[in-house]
Amino acid sequence: MAEAGLAADKVDGGVRSIARAVDVLRLFDVDHPRRTLREIVALTDLPKTTAVRVLATLDALGLIVDLRDSSYSLGAGFLRWVDLAGSLWEVGADTRRVMTRLVDTCGETVNVYIRRDLSRVSIAQVEGTATVRSVVKTGVPYPLETGAAGKILLGGASESVLRQLHERRPDLDLDSLCREVLGIRQAGYAVTHGERELGASAVAAPILSADGRVLAALSIGGPTSRFTADRVVRYVDAVTESAAEIGSIGLGSVEAFL
């Protein structure tokens with residue numbers, strides 16, 4: 001929950017109950033398929049009575065299953081949306097072939113990120129070939145203001161997005177960030193070391209629409225120890241060329257949502 005914050009903190013009125021339910025659902029992932037009531041209360045900051053009510057409602061809707069030992073997991077109700085979401089947000093086969101070729105060239109994990117509000121989300125990933133590699137979770141929001149992909153996506157965002165970032169993070173040096181984003185936009189690529197996670201580096205470039213909009217960011221990431229100066233030069237060339245190729249062939253049906 002630390003990456004994206006609590007949904008309930010961003011809304012008012014009757015929508016808050018929906019946001020609380022979303023906050024509970026977001027606690028479950030591959031690493032945490034089961035959560036105890038104690039964990040849910042602690043991670044959402046909800047009063048225990050409120051958490052129990054939210055869980056009971058989600059259980060009645062088939063979105064949560066009560067395991068009868070003070071623990072919970074996702075319900076079968078989600079199965080109706082799994083294939084649909086996958087088909088709607090899947091990049092095209094040609095895009096995935098370019099991503100796979102980029103992995104073969106660089107050996108690092110490749111992601112396609114899009115911007116959602118003040119976060120970036122990976123919608124497609126091809127894992128690197130090295131034993132030690134950097135892998136993020138697809139569909140999970142990560143901070144927009146950190147990491148090479150985030151800086152690329154900010155290059156296509158409006159000034160109001162930058163101001164909203166500053167409102168969320170008053171400690172952020174807005175002038176410095178704006179200058180950095182402008183420089184990256186002019187260069188056509190971004191390189192970062194240890195911004196989102198210590199010891200992890202990334203190179204990213206924009207995937208542009210036919211009219212020049214930033215649709216997404218193509219990124220490779222891995223341990224900083226492998227992102228040496230000479231390799232970064234090669235990585236930049238490979239990533240920018242691949243991003244341009246994807247822009248020319250199109251991301252696939254997912255472009256309708258971007």
Side-chain angles (χ1 to χ4, degrees), residues 1-27 29 43-46 85 88-89 111-125 136-198 200 202-209 211-219 221 243 247 251 254-258:
M1 299 299 293
E3 291 285 10
L6 295 173
D9 292 337
K10 305 175 184 178
V11 297
D12 297 311
V15 181
R16 188 173 297 277
S17 60
I18 299 174
R20 285 170 172 167
V22 171
D23 285 335
V24 170
L25 293 172
R26 285 166 60 182
L27 296 177
D29 54 32
L43 293 170
T44 60
D45 288 328
L46 291 174
L88 291 175
W89 290 94
N111 283 278
V112 171
Y113 286 93
I114 61 170
R115 182 176 71 85
R116 277 296 172 261
D117 192 23
L118 301 183
S119 301
R120 57 185 169 99
V121 178
S122 171
I123 59 170
Q125 180 180 98
V136 300
K137 296 175 181 177
T138 56
V140 173
Y142 290 93
L144 188 61
E145 67 273 18
T146 59
K151 301 295 175 59
I152 290 293
L153 294 172
L154 278 175
S158 64
E159 290 185 10
S160 65
V161 171
L162 291 166
R163 289 196 296 270
Q164 289 175 54
L165 279 176
H166 188 249
E167 290 172 3
R168 188 180 71 176
R169 279 194 52 192
D171 62 309
L172 199 64
D173 187 334
L174 187 58
D175 290 337
S176 176
L177 180 61
C178 289
R179 286 194 298 271
E180 182 183 11
V181 169
L182 177 60
I184 287 170
R185 186 164 56 198
Q186 292 172 339
Y189 66 89
V191 180
T192 57
H193 302 288
E195 283 198 358
R196 184 184 65 83
E197 183 178 357
L198 187 64
V203 173
I207 297 172
L208 303 177
S209 65
D211 59 2
R213 289 184 301 112
V214 177
L215 293 175
L218 181 68
S219 170
L251 274 168
V254 69
E255 282 195 31
F257 300 97
L258 303 178

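Heavy-atom basis, side chains included; hydrogens, waters and symmetry copies ignored.
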Please report the closest heavy-atom contact between Ala204 and Ser219, naming both atoms and the distance.
CB-CB, 3.9 Å

Partners meeting side-chain hydrogen bond (donor to acceptor under 3.5 Å, both in side chains) with Arg169 (sequence neighbours left out):
Glu145, Asp171

Check: Arg120 side chain, Thr146 main-chain N or O, donor-acceptor pair, under 3.5 Å
yes

Check: Ile123 and Val254 side chains under 4.5 Å, non-hydrogen atoms
yes

Does Glu197 form a side chain to side chain contact (heavy atoms under 4.5 Å, CB included) with Tyr142? I'd like the steps, not just the answer.
CA-CA 11 Å; Glu197 183 178 357; Tyr142 290 93; over 6 Å; no

Carefully, step by step, assess Gln164 and Asp117 under the rule side chain to side chain contact (heavy atoms under 4.5 Å, CB included).
CA-CA 10 Å; Gln164 289 175 54; Asp117 192 23; 4.2 Å; yes

Looking only at heavy atoms, which two atoms of Ser122 and Ala124 are closest? And how far apart?
OG-O, 3.2 Å

Indicate every side-chain donor-acceptor pair of residues 174-185 with a distance under 3.5 Å to a residue at least two apart or in another chain.
residue: Glu180; atom: OE1; partner: Lys151; partner atom: NZ; Å: 3.2
residue: Glu180; atom: OE2; partner: Lys151; partner atom: NZ; Å: 3.0
residue: Arg185; atom: NH1; partner: Gly155; partner atom: O; Å: 3.0

For the atom pair CG (Leu118) and CG (Leu165), what is the distance rounded to the nearest 0.5 Å?
5.0 Å

Roughly how far, to the nearest 0.5 Å, is CZ of Arg163 from OG of Ser158?
7.5 Å

Here the pair of heavy atoms bringing Leu251 nearest to Ala216 is CD1-CB, 4.0 Å

Looking at Leu154, Val121, Leu215, Leu153, which hits side chain to side chain contact (heavy atoms under 4.5 Å, CB included) with Arg115?
Leu153

By side-chain hydrogen bond (donor to acceptor under 3.5 Å, both in side chains) - contacts of Thr192 (at least two apart):
none

Measuring from Asp23:CG to Arg20:CZ, what's the distance to the nearest 0.5 Å?
9.5 Å

Considering the options Val214, Leu218, Ile114, Leu258, which one meets the side chain to side chain contact (heavy atoms under 4.5 Å, CB included) requirement together with Ile207?
Leu218

Is a donor on one side and an acceptor on the other found under 3.5 Å between the side chain of Gln125 and the backbone of Thr138?
no

What closest approach, in Å, do Ala148 and Ala202 show between heavy atoms, and which atom pair accounts for it?
CB-O, 3.8 Å

Of all the heavy-atom pairs spanning Tyr113 and Ala149, show the shortest one and how long it is.
CD1-CB, 3.4 Å

